[in-house]
Structure formats: structure tokens, C-alpha cells
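First the structure, then my questions, so here it is.
Please read all numbers here as calculations on a predicted model, not as lab measurements.
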Amino acid sequence: MERYEVIIVGAGPSGLSAAIEAAKRGLKVIVFDENDKPGGQLFKQIHKFFGSKEHHAKIRGFRIGEQLLEEAAEAGVEVQLGATVIGLYSDKEVNVRIGDSIRHYKGDTVIVATGAAENMVTFPGWTLPGVIGAGAAQTMMNIHGIRPGKKVLMLGSGNVGLVVSFQLLQAGCEVVALVDAAPRIGGYGVHAAKVARCGVPFYLSHTITKAHGEDHVTGVTISEVDSHFTPIEGTEKTFEVDTICMAVGLSPMSQLLKMAGCEMEDNPKRGGQVPIIDDFGETSVSGIFAAGDVSGIEEASSAMIEGRMAGVCVSEYLGYLSEEEKEAELKKLEGDLDSLRQGMFAPKNRGKLIEKTDEGIDVSMNLLQKGYVSDDEIERFPGVVHRKGVHPVIECTQNIPCNPCQDACPKKCISTGDNITFLPFIKDDCECINCGMCVASCSGQAIFLVDEDCGDGTATITLPSEFLPLPKVGDTGYGLSRSGEKLCEAEVVLVRSLEAFDHTNLLTMRVPKEYAMKARFFTKD
């Protein structure tokens with residue numbers, strides 16, 4: 001039996017973060033993961049993260065994964081891949097299947113960071129090939145370079161459903177509809193908005209009632225649901241698709257903790273059956289900790305902080321930190337975690353209808369129901385301003401913990417004020433230099449540079465573009481509205497692709513000036 005001071009189960013964002021914190025203080029750490037590659041979900045996440053500098057804001061998920069792996073290697077963390085932990089006991093003994101053998105390990109402490117599994121819903125035809133989870137679609141696209149299908153219907157409007165829908169579009173799939181039984185979109189409005197302006201329709205208060213096909217999916221029928229989520233007869237709508245993608249939540253993979261005798265509870269707000277833990281992840285079994293989604297479903301940024309907390313705690317538990325040093329470390333990490341748990345999407349607000357922003361502005365009901373802010377609503381938000389010459393227009397309308405825009409602007413034109421969740425606004429005493437850094441840095445692709453009147457009856461709009469092939473200067477097409485409808489003819493007048501933009505290209509299109517505050521996407525078709 002091999003012995004380690006810290007055994008960590010799971011080499012995802014929380015597990016690696018915990019390993020780094022413990023190993024850099026001199027502890028002997030091993031991490032087990034059943035996959036062939038470490039990094040967990042991070043390597044499927046090609047989008048830019050929200051938050052602040054401390055939360056890896058505006059950095060793409062797979063880049064964060066690479067950084068964590070480098071830090072773990074430098075700290076001397078031992079990572080054992082292809083290793084499935086099949087047993088965890090209260091004395092912190094761990095049984096691991098590696099290949100055809102079962103090996104036994106003993107830990108002075110154990111951190112369980114096994115993450116979560118995708119939920120599924122059942123309906124006639126749900127077992128047909130072509131019905132997949134959103135995480136599976138991400139794996140196919142972003143790990144293996146395989147397009148999941150040609151015509152896809154997405155079920156679920158949380159952040160996973162919205163993000164994966166956009167990535168399906170990037171992969172060349174047609175997303176025929178985004179469906180959710182809930183009456184409101186569950187994820188960030190900026191994620192919904194970038195899907196909507198690509199022309200994807202949203203069907204809220206709808207669910208799938210049947211998948212069609214004999215040996216694979218050939219179509220799908222959805223129906224409207226009543227207040228009890230029962231399908232309403234006569235409201236059926238049928239789409240021709242070859243793929244049905246489900247993003248209907250996650251469930252913590254907490255079986256090992258239950259096996260170890262940790263006190264558990266069924267907590268819907270945390271995603272299902274989870275361990276009862278203290279503020280820093282220690283379970284009811286002394287020396288066994290939980291971090292990340294296994295202890296409650298949140299974003300990857302939160303999971304990394306929880307992992308670091310667990311790493312700090314095991315360091316103190318084993319005598320590598322004093323109580324005072326631990327408290328100082330945890331105080332800072334608590335502050336970082338608390339900042340991510342503020343705003344409209346804070347855990348305390350799950351399931352609630354938030355009708356006003358923290359600033360007292362009416363929330364866009366059109367956004368919550370259709371995926372985009374309507375023209376008569378957009379002007380109420382502080383980032384939407386009218387100025388002479390090129391200036392930023394920020395269509396960020398919800399209190400999300402995110403502020404890379406204010407750090408990106410070299411002229412300090414943008415601010416979120418005293419709180420990371422406040423809506424960004426444009427300062428009066430500064431001049432935009434049209435560098436485009438704010439557009440490229442926005443994780444929600446919600447910032448545009450607009451010249452409302454070029455003096456010849458036209459306007460220019462600079463927008464983020466992450467679709468290939470990239471249009472060329474001189475290409476003509478159409479400017480699309482926030483809802484994805486064709487508004488006007490448009491011409492590409494400038495394309496910028498810089499290393500500093502991190503693969504977010506800036507596309508400037510010229511449109512009739514009456515559409516300066518309405519056109520938000522370019523298409524050649």
C-alpha cells in the first residue's frame with residue numbers, strides 16, 4: 001500500500017487547484033483521474049471566462065487548463081491518469097483501478113473533486129442515436145474536432161445550453177431552435193443575445209414530446225407546457241433535425257463521499273445529493289474534503305477557488321501552515337469566492353424572477369423570454385450611449401460578476417464602479433481611440449464600437465466575430481438585428497485580427513446610419 005499526505009480524486013479545475021496549493025507547501029500529493037487527459041471540463045471550454053483578473057477573466061477555458069497543468073508540474077504534483085477510484089473509506093484508504101489491476105493507497109487527507117454528471121430527460125425516442133448531452137457535444141467538437149450533427153435542437157437555456165449552442169454554430173451546425181420548459185432563460189443574457197442575433201429562435205415554456213426516426217434521429221416534436229409543465233395538446237411544433245442536444249442540468253458525482261460515510265443531504269439548490277460540509281469544504285469525516293461541483297453545482301471559476309481553499313485547509317490540517325496563516329489565506333479566497341456569488345445569478349437568487357438590476361433599472365423581459373433586448377428596452381441601460389465619433393456601446397444588461405472591459409481600455413473609458421457586478425458605463429471625461437480592446441475582451445461579446453454618423457448617411461459598427469471563414473474587406477451582405485432578422489445591406493470595411501485579441505476578430509461594417517444602434521451581426525447570406 002502506497003501512502004501520500006494528500007490524495008485527490010479528480011484532475012479537473014478544483015482538483016488541480018487543490019493539488020497546487022498543497023504541493024507548493026511541500027506536501028506529497030497524488031491526483032487520480034479516470035480520463036486519458038487531465039484538466040477536466042476546462043479543455044472543452046473554448047469561450048472566455050467571466051469575472052476579474054483574479055478569476056481568469058477573458059481567458060479561454062482551455063488556456064486556464066494549460067496554466068493549471070504547468071503550475072501542478074512545477075509544484076511536483078503526481079498525476080495518475082486512466083485511474084478510476086472505486087473505493088473510498090472513512091480511514092482515508094483509497095482503492096484505484098489502473099488498467100487490469102486494483103491498487104491500494106492510504107492518504108493522511110483526501111480531497112474529492114469528482115465534478116458532476118449530465119442529467120437527461122426522457123421522451124419517446126430519447127434512446128435513438130443522435131440524442132446526446134451538451135457536454136458530449138462539446139467533447140466531440142472541442143476535443144476531437146467532430147461536428148455532432150448538421151441540424152441540431154438544443155434543450156435547455158442555462159449557461160451550458162447557451163454556450164454550447166453558440167459553439168455548435170461556430171462548428172458549422174445549424175441550431176434550429178433552443179427550447180426550455182421554464183418560462184425564462186436560465187443563463188446569462190449576454191450568452192443568449194449572441195445566439196439570438198445569429199437567428200436562433202427561442203421556445204420558452206416548451207419541451208420535447210417526441211424524437212422521430214427508426215435507427216437515428218430524423219426529427220423532433222416540441223409542445224408548449226402549462227404551469228405544471230404538462231404538454232398542451234394542439235401546440236405541437238415539428239423540426240427536421242439529426243441531433244437533439246440536452247443541457248438540462250448537472251448532478252454531483254458524490255458516490256465516493258457517501259461510501260466513505262460522509263454525512264449527505266438532498267439539496268436541489270446545490271444540484272442533488274451532496275456532502276454536508278463546512279465553509280471550506282471539510283466533510284463530517286475528519287480529513288476528507290470536497291471541492292467543486294461534487295459539493296454543489298457552480299461555475300468553473302468558483303470550483304477553482306474552492307479547490308484552493310481545500311488545498312490550504314489540508315496544509316494546515318497536516319501542520320504545514322499555522323492556524324493564523326490558514327485564516328489569512330482563506331480570508332482572501334473567501335472574498336474572491338463571494339464576489340462571484342453576487343448579482344442576479346447568485347446562488348441565493350436561483351429560481352427567482354429578478355425584475356430590477358442593482359441600479360434600479362427594469363430588467364428586459366424580452367431578453368428573458370426571447371433571448372434578446374428589444375430596441376425600445378436597450379436605451380435604458382448605462383452602457384448604451386450616444387456620442388460623436390467612434391465610441392463604445394455596451395449592451396450588458398444584467399448584474400454579472402465580470403469587469404475585464406474596464407481593465408482592457410487603455411484610456412480608462414469604461415467602469416463598473418465599486419462592485420464587480422454593477423453594469424458597466426462609459427465615463428464622460430475620456431475619448432475612445434478605437435483600439436477595440438474592450439470589444440475583444442468582453443466575455444459575453446456584448447460590446448460594440450459605433451460611429452453613429454460618418455457624415456455621408458452611413459454609420460460604422462465594429463463587432464466581435466468568432467466565425468470562420470472570416471469575411472474580407474469589401475464583402476457585402478446584411479446587418480442583422482438583435483433577434484437575427486435582416487435589417488439592411490452592409491459592407492465590411494475593416495477586419496482586425498491581433499494576438500492581443502486572443503482569436504476574437506473585430507469586424508467593422510458600414511450600414512445606413514438609421515441602423516447604427518440596431519444592427520449587431522453581419523452575414524453574407
Work out which heavy atom in Ser205 is nearest to a heavy atom in Pro183; give both atom names and the distance.
-> OG-CA, 3.4 Å

Can you name the closest pair of heavy atoms from Leu506 and Cys435 and give their distance?
-> CD1-O, 4.5 Å

Could you list the residues that satisfy salt bridge (Lys or Arg N to Asp or Glu O under 4.0 Å) with Lys356, not counting sequence neighbours?
-> Asp362

Is the NZ atom of Lys412 crowded by more than 12 outside heavy atoms at less than 6.0 Å?
-> yes

Ala196 to Lys370 - nearest heavy-atom pair and separation | CB-O, 4.5 Å

In terms of heavy-atom contacts, does CD of Gln255 have more than 12 from other residues, nucleotides or ligands at under 6.0 Å?
-> yes

Residues that Lys44 engages under salt bridge (Lys or Arg N to Asp or Glu O under 4.0 Å), provided they are two or more places apart | none

Would you say the side chain of Val384 lies within less than 4.5 Å of the side chain of Phe448, judging by non-hydrogen atoms?
-> no

Over 12 non-hydrogen atoms of neighbours within 6.0 angstrom of NZ in Lys427 | yes

In terms of heavy-atom contacts, does CZ of Arg341 have more than 12 from other residues, nucleotides or ligands at under 6.0 Å?
-> yes

Do Lys28 and Tyr4 meet the cation-pi criteria used here (NZ or CZ under 6.0 Å from the six-membered ring centre, within 45° of the axis)?
-> yes

Tell me, which pairs form a salt bridge (Lys or Arg N to Asp or Glu O under 4.0 Å) where one or both residues lie in residues 391-406, sequence neighbours left out?
-> Glu395-Arg482, Glu395-Arg520

Applying ring-ring contact (aromatic ring centres under 6.0 Å, His included) to Phe345 and not counting sequence neighbours gives Tyr188

Could Glu334 and Lys331 be called an ion pair, given the rule that one side-chain N must be under 4.0 Å from one carboxylate O?
-> no

Check whether any side-chain heavy atom of Glu306 sits under 4.5 Å from a side-chain heavy atom of Leu337, and report yes or no.
-> yes

Are Glu329 and Lys332 close enough for a salt bridge, meaning some N to O gap below 4.0 Å?
-> no

Name the one of Asn366, Val363, Thr397 that satisfies side-chain contact (heavy atoms from CB on, under 4.5 Å) with Glu377?
-> Asn366

Decide yes or no for Asn142 and Phe43: does some side-chain heavy atom of the first lie under 4.5 Å from some side-chain heavy atom of the second?
-> no

Take the angle between the ring planes of His206 and Tyr203 and call it parallel below 30°, perpendicular above 60°, tilted in between.
-> perpendicular

Taking every heavy atom of Pro148 against every heavy atom of Met141, the minimum-distance pair comes out as CD-CG, 3.4 Å

How would you list, by chain and number, every residue that makes a ring-ring contact (aromatic ring centres under 6.0 Å, His included) with Phe166, sequence neighbours excluded?
-> Phe467

Check whether any side-chain heavy atom of Glu263 lies under 4.5 Å from a side-chain heavy atom of Thr283, and answer yes or no.
-> no

By salt bridge (Lys or Arg N to Asp or Glu O under 4.0 Å), Arg60 pairs with (sequence neighbours left out) Glu466, Asp502

Does a side-chain heavy-atom distance below 4.5 Å link Gln398 with Thr357?
-> no

Tested for side chain to side chain donor-acceptor pair (under 3.5 Å) against Tyr320, the lone hit among Arg25, Glu325, Glu5 is Glu5

